[in-house]
Amino acid sequence: MSQLLTEFRRPELLQIVALTLRVTGAALLLATVAGVPIGALLGLVRFRGQRLVTLVLYTGMGLPPVVVGLFVYLSLSSSGPLGVLGWLFTPTAMIVAQAIIAFPLVAGLTMSAVAGVDRAVRQQVFALGASRWQSAWTVLLEARVGVTAAIVAAFGGIISEVGAVMLVGGNIEGQTRVLTTAIVLYTRQGEFALAMALGVVLIAVAFGANVLLLRLQGRLRDQ
Amino acid sequence: MSQLLTEFRRPELLQIVALTLRVTGAALLLATVAGVPIGALLGLVRFRGQRLVTLVLYTGMGLPPVVVGLFVYLSLSSSGPLGVLGWLFTPTAMIVAQAIIAFPLVAGLTMSAVAGVDRAVRQQVFALGASRWQSAWTVLLEARVGVTAAIVAAFGGIISEVGAVMLVGGNIEGQTRVLTTAIVLYTRQGEFALAMALGVVLIAVAFGANVLLLRLQGRLRDQ
Amino acid sequence: LAAAATAAAQAPVKPGVLRLATTTSTDDSGLLRAILPAFEKLCACRVDVIAVGTGQALEIGRRGDADVVLTHAYQSELKFIAEHHARERFDVMYNDFVVVGPAADPAKIASRRSAREAFAAIAAAKAPFASRGDNSGTETAEMAIWASADLKPAGAWYRSLGQGMGETLIVANEQRAYTLSDRGTWLAMRDKLPNLRLLLGGRSIAENPDFALRNRYGVMAVDPRVHPGVNAEAARKFVEWLVSPETQRVIAAFGMTRFGQPLFYPDSDRWKASQVPAR
Amino acid sequence: MTTAPACYRLESVQHRYGGRVVLDIGSLEIRRGETLAVIGPSGSGKSTLLRLLQFLERPTAGRLWFDERLVDSEPALDVRRRVTTVFQRPFVLNRSVRANLAFGLHVRGWSNRPAEIDHLLTALGLAPLAHAPAQSLSGGEIQRVALARALAFDPDVLLLDEPTANLDPRNVRLVEDLIRERQAQGVTVVLATHQIFQARRLAHRAALLLDGQVIEVGPTAEMLDHASDPRTRAFLSGDMVY
Amino acid sequence: MTTAPACYRLESVQHRYGGRVVLDIGSLEIRRGETLAVIGPSGSGKSTLLRLLQFLERPTAGRLWFDERLVDSEPALDVRRRVTTVFQRPFVLNRSVRANLAFGLHVRGWSNRPAEIDHLLTALGLAPLAHAPAQSLSGGEIQRVALARALAFDPDVLLLDEPTANLDPRNVRLVEDLIRERQAQGVTVVLATHQIFQARRLAHRAALLLDGQVIEVGPTAEMLDHASDPRTRAFLSGDMVY
Ligand SMILES: Nc1ncnc2c1ncn2[C@@H]1O[C@H](COP(=O)(O)OP(=O)(O)OP(=O)(O)O)[C@@H](O)[C@H]1O
Ligand SMILES: Nc1ncnc2c1ncn2[C@@H]1O[C@H](COP(=O)(O)OP(=O)(O)OP(=O)(O)O)[C@@H](O)[C@H]1O
Ligand SMILES: [Mg+2]
Ligand SMILES: [Mg+2]
């Protein structure tokens, strides 16, 4: 226990938490900015091949982080097509990988939330003169509980993810070590108590972030 | 490439795929059986502390698989409280860990899908004489798109998960090796092409499972 | 009563199964896959290999979740015995570590004769160095080398990864960094590491100029008096079999066809004893 | 004046939504087997009253008896199954028309009574639509499905909230005929409507709600023709024109 | 007979839902500035016709002109913004009543016109509810919000689908007064209703739909009092009673 306390007073812990939030926050932002509009669109319009797109998105929710990590790694590797960017083993690479993992979750669950809004509501909004984008935004606000859940699920998926960030970040101390990779490290060392303690920290961080997200959802009502 | 082909013809591959489906399928079944009714209930009733329960569920979506794995490992370890069961390093342990990971996803997303069903629909069902459970079931059917998405997201989350199954299953060849742990193994060995190929197999398996799930959703309409 | 309760909480012995907790290097190199079938036939049992980090392997043993552990962290192994989780440790085999680095070799270590000197040169040049940073046997060896050179590595050039050997080599390859690797993993992966060269350690263990780079593997059967749930019978048989000259001979031959040199060198007392008359 | 035992009794019932009192009824009795029309302007509390009678909400103050038993928590399933509502804005389930009609029977575990359902479909002109998805129907069709669905399981008490608002004259007649059939069988009916003429055609007694208060209650013809309260007269006079 | 330029022109318009023809109109013209009542029994296609006129759906066959331009794909935003519908089953957004009224202005980027909104709230008796969440309103209140929301941005064409189905006489009058105000300003109105009396009070011309077909169309009084088609007479006769 005293070991835990010493561990927790380490300034590195703060830095690890900060990097975790920065990477996951940025990835979530990217995935949201891309995934919410696309999910909304897919939920709103009917088109040929919709079923296939749905299937692809749903399957994307099951992309193994390790495979995504490998893919990003091979792309960013110095012998890969994007090697010149020099992103490998930097937080940027981790953001890219997590954004890819988060995207299908955000888009797929937003789609199902938007599709759950009564068609009559959409017709009403259309008849009041809303443009395509305004319609989408209005329906999104009506579906905000489901859209928030989509973002929450994606956040949970990537903040707890380790396979991809380990591969493309390298778990470099002081550089690219986040909470999950630190947990894995302690686990491999047999330091189970420390690993569990960091797990608790991670869960606390996720809890705090969700409090904020639900606040935001509440705000949207008063628009 | 020829190496890939040889790899794919290995009978172990079939066994690994079968075990993956068995473990993830059983875990998903457990999580669904527990999570859908609980999520439905939470989405239907209003009670004090609901906000907190929501937050806890949402936070649960971000439970790091490694931490869940560690927790299950310590519980099932022969010096742990459930050691007598002798489940450690067996598929059963993997099922337990994955079910824990899947549960908050199923319950949380079901909750938000059910909450999205118009209150008037619930009142209508109540007024027609449905019992609590019948109401819940009826509303679930009305929210089936969202509930399916919840199950799909949970499925995607666990079939691609590696941290927990690695810890509690031990990645024992022929016994507890699933697709993700095999992918990690190959990655660790620098066999990137093989790892990627197995990733493709995993994605194909997930795609097939989603086809089935969407079929099932279609069936429910005709109830 | 409390003791009875503890005993009752123990997992039942699974007859016919031996749980072997070991480090990833023994498994990833393919050694276990090559030698274990013989033992499985001999004892008519199944061996479940749990390949994890060294620390984790020992911890699994400490909790009685494995019947036998095979690791390469001598000091930690001694501690394991001091804590009564096993009664004895047996030498099994050894191989060696090598220092690899970028082909350009900015710290000019290729000409050095010892790891101590090489590390000192790297630190002086502040050339990138990738460390396992995971408390593994390899990292323990690395730390011992830094200590012998009176150095405490720190700074942007020193990257502590907290990953396995394979991953660390991958990072070093990308970042053109030096690293300490066990020879087996290096040999197995060097085709995929175009930016790295072996700079210190020679072409085989016989040519390794630095004895400090030796990597010793030991095996321990978990003590059934402390952990009644273990399959002590099979564990005992396994240890006996592993150190037997016949098995040791197979270990010595492993890797010859693929790499032209063995990956592991037999090191058990019985093997050494059996070699004496031959000399 | 009580001629039949009370089906519902309300005493000092108040209902609030966030501070605002929308219902404030000193005393009201609805007798077994009678049809009571609840009339009143938009927002006067008609639908709220029906929600209380359907046990969907509990009054914030006062007491409500159903069948001489005080309703202080959700009634037992078999009790509340005796009452059903056709809502002002009916919702149909995402199933076929026929499956919607069968829903009430289905939850009661009753063998499917196909003859009864066929009878209702025909009586309300819905037979050709039996297999259509209910949510694709027109406004008036949905309203008829909702009524048929409520009648299918023979409720003792029928709460009707503007049941013909979306119907044309011919369909109004079909609906009213069915209601009369149930009246003859002794079903208690509470009919919220803004159509005075409908109240006159169907109800034994009428009650006028204004701002949540019962202004006047009495036998329909008497009350509509000789209202004693000036507010009642004012409300009724508009109806002669619109 | 064309006295004003056509607002809408329909030629051989058919509309199907999954094989079933629900609308089949040989030719119909709606003139600029006129009010056309569309009457007909439940399921005859009134709402479907309005959906086509609102460009929500494209006819499965035939041609539709709006303002002399053929509508073959979704019209440009500024064209379709000239038309709005008050639906038979109006949906309000999960916002305050006031925010619902402002929605049409908001999407057009118009400065918020608070005076106009206040005027509408008062005219429809909704002022006390301005800040209430719109989804908690009563049936008639929601119907009035939907009308006010449509009027707030001064549409050229107003499609009204049973706009007073849920209203009591006094509120019917408020709504009809507002409609008359717009008629005076030259707004084209298409009014789907099952209330013959309302058609008589508001419409210049009336069209009777039966099974998707226009049976008769003509000046309201003339058509209602001296219908030439027996089917029209049969439909109207029911209305004398219900
Ligand atoms: N859930 C609610 N929350 C807040 N206010 C409500 C709620 N339900 C109803 N009200 C308010 O209570 C009043 C009475 O509503 P109710 O639906 O009973 O009226 P009504 O007589 O049925 O009117 P209408 O003829 O328009 O249907 C209305 O002013 C309405 O805005
Ligand atoms: N989306 C749809 N899919 C299938 N059928 C539909 C759809 N919409 C309408 N219908 C059918 O088309 C017919 C005409 O519907 P419409 O809503 O136009 O009738 P209406 O004249 O407005 O009737 P009401 O007076 O009952 O509102 C109805 O029989 C209806 O069931
Ligand atoms: Mg009402
Ligand atoms: Mg209609």
Side-chain angles (χ1 to χ4, degrees), chain B residues 36-37 39-51 109-152 213-223, chain D residues 47-48 50-57 74-96 98-110 131 133-135 142-143 145-161 190:
Chain B
V36 168
L41 211 73
L42 290 174
L44 282 174
V45 302
R46 297 278 150 269
F47 59 92
R48 272 170 60 85
Q50 185 145 36
R51 216 184 135 74
L109 295 176
T110 296
M111 178 180 75
S112 89
V114 165
V117 174
D118 205 313
R119 221 175 115 251
V121 173
R122 297 180 234 164
Q123 297 200 335
Q124 180 74 74
V125 169
F126 182 94
L128 288 169
S131 68
R132 292 243 158 257
W133 286 112
Q134 289 170 332
S135 298
W137 177 245
T138 308
V139 172
L140 272 175
L141 283 181
E142 294 296 300
R144 59 188 159 252
V145 171
V147 174
T148 307
I151 295 174
V152 166
L213 272 169
L214 284 188
R215 280 260 165 84
L216 216 66
Q217 177 194 309
R219 280 276 172 76
L220 283 177
R221 190 180 26 223
D222 314 327
Q223 260 248 339
Chain D
S47 300
T48 305
L50 261 50
R51 275 198 295 277
L52 297 187
L53 300 182
Q54 175 65 73
F55 319 118
L56 283 169
E57 296 174 24
E74 190 180 304
L77 191 58
D78 59 329
V79 174
R80 77 173 168 80
R81 276 185 173 167
R82 296 174 47 203
V83 184
T84 196
T85 306
V86 177
F87 290 93
Q88 186 170 11
R89 194 183 169 99
F91 275 86
V92 288
L93 299 170
N94 189 0
R95 311 176 179 189
S96 73
R98 217 195 153 80
N100 266 277
L101 260 63
F103 184 79
L105 302 170
H106 182 73
V107 295
R108 284 168 179 74
W110 294 359
H131 298 288
Q135 289 182 343
I142 286 185
Q143 205 157 32
V145 168
L147 182 75
R149 184 170 57 179
L151 295 180
F153 50 84
D154 292 335
D156 293 347
V157 181
L158 202 48
L159 308 175
L160 304 175
D161 203 349
V190 183

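Model, not experiment: these values are computed from the prediction. Chain letters run A, B, ... following the sequence lines, proteins first and then strands; every chain starts at 1.
- Taken to the nearest 0.5 Å, the CG atom of L141(B) stands 5.5 Å off from the CZ atom of R95(D).
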- Under the side-chain contact (heavy atoms from CB on, under 4.5 Å) rule, what do V125(B) and F103(D) come out as? Steps first, then yes or no, please. CA-CA 9 Å; V125(B) 169; F103(D) 184 79; 3.9 Å; yes
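- Nearest approach of G129(B) to L77(D), heavy atoms of both residues: O-CD1, 3.9 Å.
- Distance check, rounded to the nearest 0.5 Å: CZ of R108(D) to OG of S131(B) gives 10.5 Å.
- Remark: side-chain polar atoms of T84(D) are paired, donor with acceptor, to backbone N or O of A127(B) under 3.5 angstrom.
- Between the side chain of R80(D) and the main chain of F126(B), a donor-acceptor pair closer than 3.5 Å is present.
- A donor-acceptor contact shorter than 3.5 Å is absent between the side chain of E142(B) and the backbone of L93(D).
- For the options R51(D), R89(D), E74(D), heavy-atom pairs under 4.5 Å to chain B are most numerous at E74(D).
- Residues of residues 116-124 of chain B lying within less than 4.5 angstrom of chain D, judged on heavy atoms, are D118(B), R119(B), A120(B), V121(B), Q123(B), Q124(B) in numerical order.
- Using a 4.5 Å cut-off between heavy atoms, V86(D) does not touch chain B at all.
- Contact annotation for Q135(D): only side-chain heavy atoms (C-beta onward) come within less than 4.5 Å of a heavy atom of chain B.
- For the pair F153(D) and L128(B), the minimum side-chain heavy-atom distance is below 4.5 Å.
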